Amino acid sequence: MADLSKKYCVYCLADVTSLRLRCTECQDIELCTDCFSAGAEIGNHRRWHGYQLVDGGRFTLWGPEAEGGWTSREEQLLLDAIEQFGFGNWEDMAAHVGASRTPTEVMEHYVTMYIHGNLGKACIPDSIPNRVTDHTCPTGGPLSPSLTAPQTPLDLTVADQQQLGYMPLRDDYEIEYDQDAETLISGLSVNYDDDDVEVELKEAYVDMYVRKLKERQRRKSIARDYNLVPAFLGKDKKDKEKPGKRKISKEEKELRLKLRPLYQFMSNKEIEDFFENTHKERMLRAKIRELQRYRRNGITKMEESAEYEAARHKREKRKENKNIANNKRGREDGKESEFAAIENLAGFELLSDREKVLCSSLNLSPTRYLTVKTIFIKDHLQKRQGIPSKSRLPSYLDKVLKKRILNFLTESGWIARDAS
């Protein structure tokens with residue numbers, strides 16, 4: 001028995017409850033979309049008769065396989081909402097469509113079907129004519145990416161951020177460089193009745209503002225590139241004390257000072273790579289000289305170099321001992337005249353023979369020498385334990401005395417050679 005709540009096509013008897021076309025001139029003539037498209041005629045009904053679309057609101061425009069099962073009534077409400085609220089106001093559009101649809105569903109359905117779907121491909125051309133072109137320079141305009149694109153926020157604690165006035169989400173500071181730069185353009189406005197002089201004057205103000213923005217961004221980039229913020233906070237000292245970090249020699253420090261005016265043309269990484277490469281060059285040259293010395297002495301294998309170095313060290317040690325014996329023999333011969341100036345001073349009996357010669361040659365009293373020796377050895381031990389040395393050298397110790405005593409303590413084995 002047929003369901004009386006349903007409607008059927010009078011021509012093919014298909015179910016047309018959701019959507020049917022009713023003839024406005026014939027009574028009880030309702031056709032399905034297929035029969036209407038084919039121009040079906042039955043009884044007094046003709047294909048040219050007027051018709052009325054009867055929509056139950058339950059059929060889908062995109063077919064039953066479309067995701068979400070949107071009905072034609074919801075589609076109509078969606079199109080009304082996009083016209084009324086505008087693209088992007090998905091919450092208002094979802095409320096207009098009905099409580100059954102969330103803002104996410106509304107956005108995904110509209111983008112999928114009306115923009116990226118077949119309808120969007122047919123209606124939206126690949127190249128849109130008369131589109132507004134951005135004529136600003138990619139690196140020089142006020143809104144260019146080089147001035148407006150935010151960088152990765154600095155990794156700072158909350159206390160450090162408060163100390164610097166740094167706002168990580170905006171990547172700027174409470175007090176920027178040239179803080180009043182915005183006052184140049186804050187009062188500018190575009191008036192259609194401006195003459196040429198006024199327009200040029202306003203453009204000059206904008207150009208001045210852009211220059212200030214560039215300088216502000218340049219300073220930020222330099223501070224970030226050369227780690228000036230951690231240096232200001234004192235965190236760079238911890239990095240310098242890491243064991244893996246290479247120790248900078250005196251010659252390299254002097255070279256860095258000479259090349260400092262060129263830092264503005266190179267990034268921090270380029271500068272560090274340059275000095276690292278120069279250090280590698282020096283090491284390679286030293287290694288080449290060492291290999292050439294081995295070759296001159298007839299050594300052709302690296303296994304033989306260790307034996308050669310051990311023999312060379314013994315020869316130098318014997319030579320040094322021989323010189324010390326000769327000096328000692330000479331001191332014994334003229335002992336009365338050599339140590340006459342210091343042998344009666346306090347602490348003379350605590351000195352070794354080499355230390356007596358050193359004090360006599362430097363005209364330094366034994367007590368003063370012992371004081372300086374104690375300070376140097378104490379500082380060396382503290383540095384080896386990772387404790388910063390804060391000893392103050394005596395005022396009578398000038399650079400020449402300091403260098404002579406340091407070299408003597410290093411050669412005697414009191415201080416390691418790398419620490420001197």
Side-chain angles (χ1 to χ4, degrees), residues 104 138-186 208-250 252-280 378-392 416 418-419:
T104 304
T139 59
L143 302 179
S144 61
S146 62
L147 297 179
T148 59
Q151 297 179 343
T152 304
L154 297 173
D155 186 13
L156 301 175
T157 62
V158 178
D160 294 338
Q161 294 176 9
Q162 294 177 352
Q163 181 181 357
L164 295 173
Y166 178 70
M167 294 173 283
L169 297 180
R170 298 179 53 179
D171 191 32
D172 57 8
Y173 300 87
E174 294 180 0
I175 301 178
E176 295 280 356
Y177 169 76
D178 204 345
Q179 182 73 6
D180 299 330
E182 282 71 20
T183 56
L184 288 170
I185 61 170
S186 60
M208 293 167 60
Y209 174 65
V210 170
R211 292 174 183 270
K212 292 179 181 293
L213 281 185
K214 287 181 179 180
E215 179 63 19
R216 182 183 297 175
Q217 187 64 28
R218 187 184 73 87
R219 290 172 179 258
K220 280 186 180 180
S221 301
I222 291 177
R224 183 185 294 269
D225 191 21
Y226 286 90
N227 296 322
L228 299 183
V229 174
F232 174 76
L233 297 174
K235 295 183 178 180
D236 61 331
K237 296 181 180 179
K238 299 180 180 179
D239 298 336
K240 292 180 180 179
E241 295 174 359
K242 290 183 179 179
K245 197 171 183 64
R246 178 174 62 87
K247 184 178 180 180
I248 300 177
S249 62
K250 181 180 179 181
E252 184 174 337
K253 289 181 180 179
E254 294 176 354
L255 182 60
R256 285 176 179 265
L257 289 176
K258 292 179 181 179
L259 297 180
R260 182 169 292 180
L262 302 178
Y263 283 15
Q264 57 182 323
F265 305 109
M266 304 174 67
S267 63
N268 183 37
K269 184 178 183 304
E270 293 173 339
I271 291 290
E272 294 300 327
D273 290 344
F274 169 75
F275 285 111
E276 189 68 25
N277 292 333
T278 55
H279 173 71
K280 291 181 180 179
K378 179 182 177 182
D379 290 348
H380 171 63
L381 295 176
Q382 287 180 346
K383 287 181 180 179
R384 293 186 61 181
Q385 296 175 1
I387 303 174
S389 59
K390 299 181 179 180
S391 301
R392 299 183 63 181
D418 56 350

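These numbers come from a predicted model, not from an experiment. We number each residue from 1, following the sequence as shown.
Using a 4.0 Å cut-off between a side-chain N of Lys or Arg and a carboxylate O of Asp or Glu, Asp379 and Lys383 do not qualify as a salt bridge. Using a 4.0 Å cut-off between charged side-chain N and carboxylate O, Arg219 and Glu215 make a salt bridge.
Counting heavy atoms of neighbouring residues, nucleotides and ligands inside a 6.0 Å radius, atom CG of Leu257 exceeds 12 of them. Atom CZ of Arg211 has 12 or fewer neighbouring heavy atoms from other residues, nucleotides or ligands inside a 6.0 Å radius.
Evaluation of the side-chain hydrogen bond (donor to acceptor under 3.5 Å, both in side chains) rule for Lys258 yields no partner, not counting sequence neighbours. Under the side-chain contact (heavy atoms from CB on, under 4.5 Å) criterion, Tyr173 pairs with Leu154, Leu164, Tyr166, Glu176, Lys220, Val229, not counting sequence neighbours.
At a threshold of 4.5 Å between non-hydrogen side-chain atoms, the residues Phe232 and Gln163 count as touching. Between Phe275 and Leu259 there is a side-chain heavy-atom pair separated by less than 4.5 Å. Side-chain atoms of Tyr263 and Arg256, non-hydrogen and from C-beta on, do get closer than 4.5 Å to each other.
Contact record, Glu174 with Met167: N-CE, 3.9 Å, taken as the closest heavy-atom pair. Across all non-hydrogen atoms, the minimal contact from Glu182 to Leu213 is OE2-CD2, 4.4 Å. Here the shortest heavy-atom pairing between Asp178 and Arg216 reads O-NH2, 2.9 Å.
The NE2 atom of His279 sits 10.5 Å away from the CD1 atom of Ile248 when rounded to the nearest 0.5 Å. Between Ser267 atom OG and Asp273 atom CG the span is 8.0 Å, to the nearest 0.5 Å. Note that CG of Asn268 and CZ of Arg224 are 13.0 Å apart. Values are rounded to the nearest 0.5 Å. We find the CD-OG1 distance between Gln162 and Thr157 to be 8.5 Å, quoted to the nearest 0.5 Å.
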